[in-house]
Amino acid sequence: MPRIAIALTIGCLFAVYGLVVAEKRNLSAARGLSKVAASTAFVLLALSLHAAATSYGQLVLLALVLSWIGDVFLLSRRSVPFLAGLGSFLLAHVAYSVAFATGALSAGAFLVGLIFASAVGVITLRWLWGRLDVPYRLAVTAYVVAIVAMCTMAIAHGAASQSWLAAVGAVAFAASDISVARDRFVASAFLNKAWGLPVYYCAQLLLAWSIA
């Protein structure tokens, strides 16, 4: 394994630890610094693994950059930056879906993944629907559709390639979105960030490593 890639992975995890501590202590400056550092680390990780050399790597890099942008927007709790962040992450999910489609896909796993992901998506929408203002209903619905597509493609790709790194990363990414939704629309609490942030960053690291 490239030493720089390992160093960036470790650096990202240390920054995530700092981010969680900053969230716990409500340290806004430390929160912003550690979040940008952690997100920059996963983008640099993809570059260190020669993301630009393949179409799959380029699409994963695009998704990671879009996620970086979304992370910056979500530093604010105001509605406009939050919606902008939601849009960035939606596009990141689409980029990941297209990346998985560049490789082999298992039809059987695609069907299983579609059923599973759709069921979870419907349950999530029903859980959130009554708590969403009208502008958010369209945005969140589109976002859930993008997540369903990403997870379905990831599972189909994993089954066909027998490499599950990206699939685990994609599902973990989707799981971390639940913590964001709960914190934003249901109940804002440190617990949402305590588990959601580590899961999110581990997901992005796994997806970046899938380039290798």
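Index from 1, following the sequence.
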Are [X] and [Y] side-chain neighbours, meaning at least one heavy-atom pair lies under 4.5 Å?
X	Y	result
Pro2	Leu49	yes
Leu74	Lys35	yes
Leu66	Val94	no
Leu13	Leu205	yes
Phe185	Val140	yes
Leu197	Tyr17	no
Ile147	Tyr96	no
Tyr136	Arg131	no

Please tell me whether [X] and [Y] have a donor and an acceptor in their side chains that are separated by less than 3.5 angstrom.
X	Y	result
Thr40	Trp68	yes
Tyr56	Ser210	yes
Thr9	Trp209	yes
Tyr200	Asp71	yes

Side chain to side chain contact (heavy atoms under 4.5 Å, CB included) for Asp177 and His93? Distances and angles first, verdict last. CA-CA 11 Å; Asp177 285 325; His93 290 308; 3.2 Å; yes
With rounding to the nearest 0.5 Å, note down the distance linking [atom1] in [X] to [atom2] in [Y].
X	Y	atom1	atom2	result
Asn192	Ser176	CG	OG	12.0 Å
Leu91	Leu62	CG	CG	8.5 Å
Leu132	Trp127	CG	CH2	10.0 Å
Gln204	Ser67	CD	OG	4.0 Å
Leu83	Leu138	CG	CG	10.5 Å
Arg182	Thr124	CZ	OG1	13.0 Å

Quick one: does any side-chain atom of [X] pair with a main-chain N or O of [Y] as donor and acceptor, under 3.5 Å?
X	Y	value
Ser88	Ala84	yes
Arg31	Leu75	yes
Gln58	Ala52	yes

Hydrophobic clustering (ILVMFWY, side-chain heavy atoms < 4.5 Å, transitive) - are [Y] and [X] grouped together?
X	Y	answer
Val60	Ile4	yes
Leu44	Phe42	yes
Val120	Leu128	no
Val122	Val171	no
Val186	Val180	yes

Testing the basics here: between [X] and [Y], what is the closest heavy-atom pair and its distance to 0.1 Å?
X	Y	answer
Ala51	Ile211	CB-CD1, 3.7 Å
Ala38	Cys12	O-SG, 3.4 Å
Ala149	Ser97	C-OG, 3.6 Å
Ala167	Ala154	CB-O, 3.5 Å
Ala172	Val199	O-CG1, 3.3 Å
Met150	Ala170	CE-O, 3.3 Å

What about Phe73 and Phe82, are their ring centers closer than 6.0 Å?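 Phe73 vs Phe82: aromatic centres not under 6.0 Å.
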Quick one: do Asp183 and Arg77 make a salt bridge, cutoff under 4.0 Å?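 Result for this pair is yes, salt bridge flagged.
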Just checking Phe116: does its CZ atom have more than 12 heavy atoms from other residues, nucleotides or ligands closer to it than 6.0 angstrom?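 It does not: Phe116 CZ has 12 such atoms or fewer within range.
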Flag if over 12 foreign heavy atoms under 6.0 Å of CZ, Phe190: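 It does: Phe190 CZ has more than 12 such atoms within range.
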Distance-only check: which donor-acceptor pairs under 3.5 Å involve side-chain atoms of residues 98-106, not counting sequence neighbours?
| residue | atom | partner | partner atom | Å |
| --- | --- | --- | --- | --- |
| Thr102 | OG1 | Ala99 | O | 2.5 |
| Ser106 | OG | Ala109 | N | 3.2 |

Could you walk me through whether Val21 and Leu27 satisfy the side chain to side chain contact (heavy atoms under 4.5 Å, CB included) test, starting with their C-alpha distance in whole Å, then the side-chain angles of each, then the deciding distance to 0.1 Å, before giving a yes or no? CA-CA 8 Å; Val21 171; Leu27 304 172; 5.6 Å; no
Given the rule in the ring pair (Phe, Tyr, Trp, His ring centres under 6.0 Å) test, do Tyr143 and Phe89 qualify, once you have shown the distances and angles that lead to the verdict? CA-CA 8 Å; Tyr143 194 83; Phe89 281 117; 7.1 Å; no
Check against side chain to side chain contact (heavy atoms under 4.5 Å, CB included), Val148 and Leu114: CA-CA 7 Å; Val148 169; Leu114 180 61; 4.2 Å; yes
